[in-house]
Amino acid sequence: MPLLLTLPDGSTREVAPGTLPRDVVASIGPRLLQAAIAVTVDGEVQDLQTPLRKGGAFTVITEKDPRSLDVLRHSGAHILATAVRRLRPEAKIGFGPAIDDGFYYDFEVDKPFTPEDLEAFEAEMRKVAGEKLPFVRAEVNQIEAKAVFSDDPLKLERLADFEGTDEVISTYTDGGFTDLCRGPHVPDTSYLKHFKLLHTAGAYWRGDEKRQMLQRIYATAFFKKDELDAHLHRIEEAKRRDHRVVGRALDLFQFFPVSPGAAFWTPRGTTLYNAVEQFVRERQQEHFLEVKTPLLYTKKLWEQSGHWGKYKENMFLVLNSETNEHDMSLKPMNCPSHHLFYTAHKHSYRELPIRYVTFDVLHRNEVSGALSGLTRVRQFAQDDCHVYLREDQIADEVKFLMDFILGYYDAFGLSATLRFATRPPVRIGSDELWDRAEAALKAALEATGRPYELKPGDGAFYGPKIDFDVTDSIGRQWQLGTIQLDYNAPERFDLEYVGEDNASHRPVVIHRAVSGSFERFLAILIEHFAGAFPVWLAPEQVRVLPISDELASVAQEVTTRLRAAGIRAQLATDESLNYRIRQAEVLKVPYMAVIGRREAEAGTVAVRVRGEGKKQEVISVDSFIERVRGEIASRALTPASGGTSA
RNA sequence: GCCACAGUAGCUCAGUGGUAGAGCACUCGAUUCGUAAUCGAGCGGUCGUCGGUUCAAUCCCGACCUGUGGCUCCA
């Protein structure tokens, strides 16, 4: 039976099964063969030397197709392994896939790799690429494969997974190096031209902390030099924006070893923190009920909520010195305390939905290796809300919360992607409850008409959720907000409302966070704006700069007026004018109000905008105040960045 | 938690087996300045902590603490 291939122009080809795509492409045109990286058959990417087994839509993938990059990078991983094996023949090979921004390869070695090793490997890779070694594909059976990889226990283990399946086992060889591999690959090693080894890291074999630690080498590769350069530049840009670096430079927060994973907010940082928190409060004023609840609870509550069983590892337990037992814990979540509030009264169906919100501090005992700046901490606060509602209100409520969340991100110039996460392997509650919860949330999500992605198995242990992944100004994604549907808590806490029928019913609970944790959200904002905050967020909004000391009293008066108008202004009289302008620029103060003799006499200020250099504007103090107040009140995203200047 | 790397003045960093330096910051003095660092002087460190090797340790070794990059986007 010949295979029928349909080309993009609608024409068809009949080829014998086992024909190589290379030959099909060559028959279309030799120039196309030169440009070809791989092909797709019926939507599946395969390389030019894997025999065709089925027909269907046939397209040629060139450098222009983003999918070709994965092929190149996967081949890059093999070339890395080839180079490592030449220099360290004893290295056992693990896995080496393409990943989002490049590729990696895992090795088992006695001596970990040093930075010098990396340089040597990279040089060797350039040699391998220069040798233009073809990637030769072979199909083998179990017995042959075992023989090929007899010295590579990790490969043998992978091989064993295929035992008893009808999976086609294939190997790829470039030069003297053979790897167990599904492909696809570029035709030969010379395709790898623009690449860089980035760093090493430890990685458990198969991600299992009980297995041995392998040495992973991370790298990246591109078809074009300018793309590689752009990528490396993005890495540099991310470093420049790193909230830990910016946070120090702008004096926003610090950490002390005496409280690992818990931030100390400086006066400037606290101002920023409060500005964000106040914004949330204002937005929640109308439809939410803010409460404050204790930080410390008895074990009994956590047993009831299920945390004691499922979440204890992450909780800070408090030792009772009398009984020598851990019978209390700092709260890692707010839900139980909100449930208590709910149960304190009888509720009518007419009251629902009820929305409790809290800004309380939470503690989670993250493992030491997981801590990282403000993005992964042990103490943090959430803009945490629990909604108690009737099942028939789910769709409206999800839409309401979703609009609330998306509007919030919008205020910071952040856009969000929606992800729907379903039941995880470790969970509480019956499958029937999960069926209902997932169906209800999905229906609500689809009723909003917004596009979303699926994350199977990624739900919370008590329910499915919608996650909001936000993209920042340099294209990185962060998971922030969440809407989680919970049918379990109402059971566990015996939550009830009285229905129209005068009978008792179970409400549903929705867990909602918008910022995720404030700590992490502020880290994201710091990086998103590169420290150049819009006026309403800026810790210091205006710096008043008299040109000489004789104008100090006028400048002081202007500063006082600005402050009286609710503007965070500071007067700077030290050193030279140039020096003070530089200080204000470095601290990314949005506005500088310069006052010389002319301004003092005319009752004006020369307004210098952060990042815009000498493009100043002389306006009256009154209109300057008006302008800044207006921008603060509207929470405008001005003055625009300036975040790209060094 | 595990692997690798790092820890020198408040910050950024240089340096050496014979108990340490720079720039900025800070203090003082001079300068009073029209848009990104005025000049000079001074202060400042048990070289993360504890132990070991050594005649001698900030440097070599070990442990600990803290931080940084990671810890399957399955061959």
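Heavy atoms only: backbone and side chains are in, while hydrogens, waters and symmetry mates are out. Letters A, B, ... mirror the listed sequences (proteins, then strands); counts begin at 1.
A gap of 7 Å separates the C1' atoms of B/G21 and B/A14, to the nearest Å. Nucleotides B/C55 and B/A41, compared at atom C1', are 41 Å apart to the nearest Å. Comparing the P positions of B/C11 and B/U49 gives an interatomic distance of 14 Å, to the nearest angstrom. Distance noted for atom C1' between B/C74 and B/C61: 41 Å (whole Å). A gap of 11 Å separates the P atoms of B/A57 and B/G52, to the nearest Å. Separating the P atom of B/C43 from that of B/A20 is a span of 16 Å, rounded to the nearest Å.
Within the nucleic acid shown, A/Arg206 comes within 4.0 Å of at least one base atom, counting heavy atoms only. If you check every strand for non-hydrogen atoms under 4.0 Å, A/Thr171 touches nothing. Within the 4.0 angstrom heavy-atom criterion, base atoms lie near A/Arg598. A/Asp100 comes within contact range of at least one nucleobase, with a heavy-atom separation under 4.0 Å. Within 4.0 Å of A/Ala249, counting heavy atoms only, lies no atom of the nucleic acid at all. Among the protein residues, A/Glu157 comes within range of no part of the nucleic acid, since none of its heavy atoms lies under 4.0 Å from any strand. Among the atoms of the strands shown, only primed sugar atoms or phosphate atoms (P, OP1, OP2) are found under 4.0 Å from some heavy atom of A/Tyr104. Counting non-hydrogen atoms under 4.0 angstrom, A/Leu545 reaches nothing in the nucleic acid. At the heavy-atom level, A/Ala203 lies under 4.0 Å from the strands shown only through sugar-phosphate atoms. At the heavy-atom level, A/Glu612 lies nowhere under 4.0 Å from the strands shown.
Within the 4.0 Å cut-off from OP1 or OP2 of B/U72, not a single side-chain nitrogen or oxygen of A/Arg211 is found. Remark: A/Tyr579 is not in phosphate contact with B/U32, judged by side-chain N or O atoms under 4.0 Å from OP1 or OP2. Within the structure, every side-chain polar atom (N or O) of A/Thr114 is placed at least 4.0 Å from both OP1 and OP2 of B/A4. For A/Arg580 and B/A36, the shortest distance from a side-chain N or O to OP1 or OP2 is not below 4.0 Å. For A/Ser548 and B/C33, the shortest distance from a side-chain N or O to OP1 or OP2 is not below 4.0 Å. For the pair A/Arg608 and B/A36, the criterion of a side-chain N or O lying under 4.0 Å from OP1 or OP2 is met.
Summary of the strand contacts: A/Gln583 and A/Lys614 both lie near RNA chain B, and taking for each the nucleotide with the nearest heavy atom, the more 5' one is attributed to A/Gln583. RNA chain B is contacted by both A/Ile547 and A/Asp101; A/Ile547 maps to the nucleotide lying nearer its 5′ end (nearest heavy atom per residue).
Atom CG in A/Asp574 sits roughly 16 Å away from atom P in B/U32 (whole-Å rounding). The interatomic distance linking A/Ile93 (CD1) with B/U72 (P) rounds to 20 Å, in whole Å. Between A/Asp110 atom CG and B/A4 atom P there is a gap of 13 Å when expressed in whole angstrom units. Rounded to an integer number of Å, the gap from A/Ile99 CD1 to B/C71 C1' is 13 Å. Rounding to whole angstrom units, CG of residue A/Leu197 and P of B/G70 are separated by 16 Å. Atom CZ of A/Arg244 is separated from atom P of B/G69 by 4 Å (rounded to the nearest Å). Taking atom CZ of residue A/Arg582 and atom P of nucleotide B/C33, one finds them 23 Å apart after rounding to whole Å.
Two residues are said to be in side-chain contact when any heavy atoms from C-beta on lie closer than 4.5 Å; A/Val84 and A/Phe113 meet this criterion.
Summarising the base pairing, B/A41 is matched to B/U27 through a Watson-Crick or G-U wobble pair whose two defining distances lie under 3.5 Å. In this structure, B/U72 forms no base pair with any nucleotide, since neither Watson-Crick nor G-U wobble geometry is met with both distances under 3.5 Å. With a 3.5 Å ceiling on both atom-pair distances, B/A56 lacks any Watson-Crick or G-U wobble partner.
Between A/Glu585 and A/Arg580 there is no salt bridge, since no side-chain nitrogen of the basic residue lies less than 4.0 Å from a carboxylate oxygen of the acidic one. Note on A/Arg268 versus A/Asp251: no salt bridge recorded, every NZ/NE/NH1/NH2 to OD/OE distance being 4.0 Å or above.
A donor-acceptor pair shorter than 3.5 Å cannot be found between the side chains of A/Tyr452 and A/Asp467.
A cation-pi geometry, defined here as NZ or CZ lying under 6.0 Å from the six-membered ring centre and within 45° of its normal, holds between A/Arg73 and A/Phe222.
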Exercise. Does the pair A/Tyr105 and A/Phe103 meet the rule for a ring pair (Phe, Tyr, Trp, His ring centres under 6.0 Å), with working shown?
Worked result: CA-CA 7 Å; A/Tyr105 211 109; A/Phe103 60 90; 9.0 Å; no
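Shown here for A/Arg241 and A/Glu527, the closest heavy-atom pair between the two residues is NH1-O, 2.6 Å.
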